[in-house]
Each structure stands twice: as structure tokens, then as C-alpha cells.
There are 2 protein chains.
Amino acid sequence: MRILIVEDEAGIVSFLKQGLEEEGFVVESASDGQTGLQLALTEHYDLLLLDWMLPKLSGIELCRSFREQESHTPVIFLTAKDTVQDTITGLKSGANDYIKKPFHFEELLERIRVQLRSSETPHVLTLGPITVNTETHEVQIGITPVSLTHKEFQLLEYLLRHKGKVCKRHHILDSVWGMDGNADSGVIDVYINALRKKLNLQREEDYIQTIRGVGYIAREK
Amino acid sequence: MRILIVEDEAGIVSFLKQGLEEEGFVVESASDGQTGLQLALTEHYDLLLLDWMLPKLSGIELCRSFREQESHTPVIFLTAKDTVQDTITGLKSGANDYIKKPFHFEELLERIRVQLRSSETPHVLTLGPITVNTETHEVQIGITPVSLTHKEFQLLEYLLRHKGKVCKRHHILDSVWGMDGNADSGVIDVYINALRKKLNLQREEDYIQTIRGVGYIAREK
DNA sequence: TTTTGTTCATGCGTATTCTGATTGTTGAAG
DNA sequence: CTTCAACAATCAGAATACGCATGAACAAAA
């Protein structure tokens, strides 16, 4: 999960960054509104943490501009202000929640979790140039669409959901084929083969690698 | 929009009720947790406002029980407690937000609006030249009206509400036919067929595409 | 009753999935 | 370095499952 912090006080940024990274988030930050907006629009984040008062572009303006493009990504305000009118303005600009400084880190964390709860399982998986959208069931290699059968799709999804980890044949059979402890008939090989062909992966720099005697692994680069 | 307030202090209830009704909400209330839960489960509400401390059944317990049945309807806590741990417990029990007493009515209103924003359901759905009005139950293709049976309408509505996302047969059966985990008898196929016929969708630029082994998807263009 | 709506059953064509045989590769033992 | 066995890749055809179309059965409404 990727989080963007836009905040000008370096101390707060490093405090948040450390805490959130410990929780397993990937954190990036910007110290003024303008670069923050730019990042928010060009990169992909799962959540934005915005300070209220920012150099160049205020948090509210940032939020409003961002919402014109993106309506999904949750936004949480960090605010020192606490007049009612201000928070209302903030929520009206399209924010999903706000938290008043000073706050306990745990409380922030819980609020982040609440916001992310809906987007817990990513629908778009990637591997190098390959994109798998589990919502639309579309697979693309680069820009060109690839048509996969259901089993091929399921296998690819499984591999990508475990990207960077070895997928034992046993486990693949379990989750994709639903065979509990059944014998290995060699189906997997056939489908791996089909995938490599359809996605035309060269053997040289193979995104789907064979781990002899164990299974397969989807790896970047 | 219907709101249920569960709160034992009569003064707060009438204050909230009046304010919310002025804003156009339909408000009902319960003064203890047990009747609150019963109402929440039997009636339909778009949002629940729960007090923390309630006779018979605490707000948290109410929320947790409610969430076991319903996972969608947003829940906001009204709480006098303000230790971090308590609010965390509250959010963990499945609440979407909380507000500390005493609060300004406007702030509560804004938080309600934020929660309802996501569950706003449009009444007019479109797909290419097709228009579906769920209020008047009318369907048009371009300018000419099409007459659909109830089931056909429900199916089309379901597909359009999930436009751009795969609708698995399983889920369609669940929401349109109300069969939980029942076997697939092939009804869906018949109705998809009927829809395609009545909406005369050419196979070329098919707005309702079949995803073999998975289900169907309504797609623009 | 007649009409309309919903569901089930059937057959058909085709895409998909699996099996099994064959060929190719790998790594350890000699 | 060679050999061998275990494993993986590849291919083709058989078996199967899936979705489509249709008509009949049944139920509900007019």
C-alpha cells in the first residue's frame, strides 16, 4: 500500500514515515502543495495524507484539484485548525476524513485502515509489462490486450498475487485447481507453457521462472 | 435518506431528530441497544447513529452484531469517551466514523454527508445508447422505449450498476435471484439471451460481453 | 381462459481443459 | 567430463464443460 504525505514540517514527516513504514506501507512525501499535487496525479497512491497549511498550494486546494481527476483514492487531512467551519470546508473539498494535531499515531493508523478497508485487495496486478485487471478480467502486455482462458487467468493471478514468492506446485493445484493433495498430473506445466507463449516471455529474462523440483515464481526483471 | 438514532438521552434525540429532519432526512430512533439492533436489522436505514453507552446492549456490541448481518450501511458513533483506545475499539467493531460529544450539529451533518456520499445511488443508469431509469422502471434504447420483464430489468440493472466490472454468475444469482450458493440452473443464460435480443445488441460491438467460465460484463463501446 | 412471465430441459457447436506420449533440460554421481 | 535419472517443456488429440438457442412446462396475472 502506497501513501503520499504532503506536509512541510520535516519532523512530522519523518515521524509519520517511520511509523507507517514499520506498518508495511510504502511512503513518499512532498513538502509543498504544488509538488504534492503533481505527485498525486502522476504516481499511484492508495491514500493521501495532507497537511492543511502548505506552501504554494493549500491542502484544500490540492484536494479539490486532485478530486477533479481522481475520485476514488481516499484523502485524510492533518489539521491544526479546529474550528468547525474549517473542518467542514475540508470535508466539502472532497476529503474522506481528518485528524486534529496533535494526534496519537495509533489513532491515525486506525483511520487509515478504515479508509483502506474497501481497497484491501488490489484489482490491478502487474508484472513487468504485464497488467492483470481482475475487475474487468483484462490482461495487457504493454498496451496490447491478450486474451486468456479462465484457467490461464486464474493461474496468472495466483502467481502475481504471490509475486516474488515461490509458488509450490502443490499450492497452485490447491488454489487454482481445487485439488487437495491430489496427484500432480502435469496440468500446471501445460498452463505455464500456454502463459509464457501468450505473453511471449523469452526464456532469457523470464518473468515467470521455473524452480526445479518446487514450482514457479513470478519475479520482476 | 433514512437514519436510525440509537441514544438514551431524550434531549439529544429530539435535538438531532429535529435538525436532521430539517435537512430532509427521515429519522427514527430507539432508546436502548436491543430495540436499536432489532430495528437496524429489520428496517432499512441508510445510516446509523449510535451512542456509545446504551442500556441493555452497548453501542459497540450493537455495531458488531449488526455488522455480522450487514456490512454496507455506514455507522457513526456519538461518544463522550475520548481515550484513543476506545475510539480504536469502536472503529474496529466496524464503525465508519465517530464524533466526540459535545459536537456541533454542522460537523455531525458534514460527517453524515461524507458517509452517505459513497452510498449514493444514481437512479438513471446508462450503457451506450441504453438508458435505465430505476425510479420509473423505464428502459430506452436511444429514444425508443423497450419493455422488459421484472427479472430482465433486475438483471440489466445489476449489470449496469457494476458497469466495467465482471459480474460472476455466482454473484448474479445471489443478488438478482436470491439463491445463496445454489446450483447454476442456466437461468442467467436465458435472461442474458432475452436482454440481448430485446436491446438488439449485435455481437460485433457487444455492450454485454460474456466472460467464459466467469460471468458477464457490461462495457461501454 | 388467455396471456404473460419465469424456469427447466435439451441438443448443438465450440472453446477449453486435461491426458499421455515424446522430447528437452538440469544437476548430481561417478 | 560424461552419464543417468528426474524433472520440465512441448505437442496433439480426446474428453469435457460451457454458453447459446429453443421450446416446453409451470406459475401467475389479466
Side-chain angles (χ1 to χ4, degrees), chain A residues 137 139 145-159 166-180 182-219, chain B residues 137-139 145-159 166-180 182-204 206-219:
Chain A
H137 236 257
V139 179
V146 180
S147 117
L148 298 185
T149 74
H150 187 40
K151 271 276 142 62
E152 288 163 357
F153 188 93
Q154 286 182 94
L155 175 57
L156 183 59
E157 181 182 350
Y158 182 89
L159 290 172
V166 226
C167 303
K168 302 183 183 175
R169 306 176 79 90
H170 179 74
H171 289 143
I172 297 177
L173 277 177
D174 254 32
S175 350
V176 179
W177 273 268
M179 301 170 169
D180 296 327
N182 233 334
D184 184 354
S185 58
V187 229
I188 300 180
D189 308 50
V190 176
Y191 276 82
I192 289 283
N193 191 228
L195 278 182
R196 295 214 253 238
K197 223 174 207 167
K198 287 199 180 180
L199 302 171
N200 46 286
L201 304 176
Q202 319 298 335
R203 188 63 64 77
E204 325 248 310
E205 40 175 21
D206 214 352
Y207 286 103
I208 299 176
Q209 294 181 334
T210 311
I211 311 262
R212 214 180 150 76
V214 186
Y216 297 88
I217 184 173
R219 225 200 291 260
Chain B
H137 238 255
E138 284 170 331
V139 180
V146 180
S147 114
L148 297 186
T149 74
H150 188 45
K151 272 276 146 60
E152 287 164 357
F153 188 91
Q154 285 182 91
L155 175 56
L156 183 59
E157 180 182 351
Y158 183 89
L159 289 172
V166 238
C167 303
K168 302 183 182 173
R169 306 178 79 88
H170 179 75
H171 289 145
I172 297 176
L173 277 177
D174 253 33
S175 351
V176 179
W177 274 268
M179 302 171 170
D180 297 326
N182 234 334
D184 184 354
S185 58
V187 228
I188 300 179
D189 308 48
V190 176
Y191 277 83
I192 288 283
N193 193 228
L195 278 181
R196 294 214 253 237
K197 229 173 204 166
K198 287 199 180 181
L199 302 170
N200 48 285
L201 303 177
Q202 320 297 336
R203 191 61 62 81
E204 325 244 312
D206 214 353
Y207 287 103
I208 300 176
Q209 294 181 332
T210 92
I211 308 226
R212 200 167 217 279
V214 187
Y216 296 87
I217 184 173
R219 228 198 287 261

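Order of the sequence lines fixes the chain letters, A, B, ..., with proteins taken first and strands second; residue numbering starts at 1 for each chain.
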Check whether any side-chain heavy atom of [X] sits under 4.5 Å from a side-chain heavy atom of [Y], and report yes or no.
X        : Y        : result
A:His137 : B:Val214 : yes
B:Lys151 : B:Trp177 : yes
B:Asp189 : B:Arg169 : yes

Is the distance from OP1 or OP2 of [N] to the nearest side-chain N or O of [X] less than 4.0 Å?
X        : N      : answer
A:Thr210 : D:dA9  : yes
A:Trp177 : C:dC18 : yes
A:Lys197 : D:dC11 : yes
B:Ser185 : C:dC8  : yes
B:Arg196 : D:dC20 : yes
A:Arg169 : D:dC7  : no

Measure the distance from [atom1] on [X] to [atom2] on [N] and round it to the nearest whole Å.
X        : N      : atom1 : atom2 : result
B:Leu173 : D:dG19 : CG    : P     : 12 Å
A:Ile211 : D:dA6  : CD1   : C1'   : 17 Å
A:Ile208 : D:dA8  : CD1   : P     : 15 Å
B:Asn193 : C:dT6  : CG    : P     : 15 Å
B:Leu195 : D:dG19 : CG    : P     : 16 Å
A:Tyr216 : D:dC7  : OH    : P     : 13 Å
B:Tyr191 : C:dG5  : OH    : P     : 9 Å
A:Gln209 : C:dT25 : CD    : C1'   : 16 Å

(message) Roughly what angle, to 10°, lies between the helix axis at the start of the helix from C:dT1-D:dA30 to C:dG30-D:dC1 and the one at its end, five pairs per end?
(response)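 Computed angle between terminal axes is 30°.
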(request) Please tell me which of B:Gly186 and A:Gly186 maps to the more 5' nucleotide of DNA chain C, matching each residue to the nucleotide holding its nearest heavy atom. (result)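 Checking each residue's closest nucleotide, the 5'-ward one belongs to B:Gly186.
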(message) Pick the closest DNA chain C nucleotide for A:Leu148 and for A:Val190 by heavy atoms, then say which residue is nearer the 5' end.
(response)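 Final value for this comparison: A:Leu148.
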Can you tell me how far apart [atom1] ([X]) and [atom2] ([Y]) are? Round to the nearest 0.5 Å.
X        : Y        : atom1 : atom2 : value
B:Leu156 : B:Ile192 : CG    : CD1   : 9.0 Å
A:Ile188 : A:Tyr216 : CD1   : OH    : 7.0 Å
A:Phe153 : A:Leu148 : CZ    : CG    : 7.5 Å
A:His170 : A:Ser175 : NE2   : OG    : 9.0 Å

(message) Does anything in residues 151-158 of chain A come within less than 4.0 Å of DNA chain C? Heavy atoms only, and list the residues if so.
(response)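 Result for residues 151-158 of chain A: A:Lys151, sorted by number.
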(request) When you get a sec, tell me which of D:dA9, D:dC20, C:dT6 is the closest nucleotide to the side chain of A:Asp189? (result)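 Shortest atom-to-atom distance from the side chain points to D:dA9.
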(message) What's the closest nucleotide to the side chain of B:Thr149 if the choices are C:dC8, C:dT19, C:dT6?
(response)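 The nucleotide sitting nearest to the side chain is C:dT6.
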(request) Please name all residues satisfying side-chain hydrogen bond (donor to acceptor under 3.5 Å, both in side chains) with A:Lys198, sequence neighbours left out, ordered by chain then number. (result)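 Result, side-chain hydrogen bond (donor to acceptor under 3.5 Å, both in side chains) vs A:Lys198: A:Glu152.
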(message) Looking at the base of D:dA6, is there any donor atom on it, or on the side chain of A:Arg212, that sits under 3.5 Å from an acceptor on the other one?
(response)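 Present.
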(message) Between A:Thr210 and A:Arg196, do the side chains contain a donor N or O and an acceptor N or O under 3.5 Å apart?
(response)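 Yes, a side-chain donor-acceptor pair sits under 3.5 Å.
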(request) Evaluate whether atom NZ of B:Lys168 has more than 12 neighbouring non-hydrogen atoms of other residues, nucleotides or ligands under 6.0 angstrom away. (result)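 Check fails, neighbour count at 12 or below.
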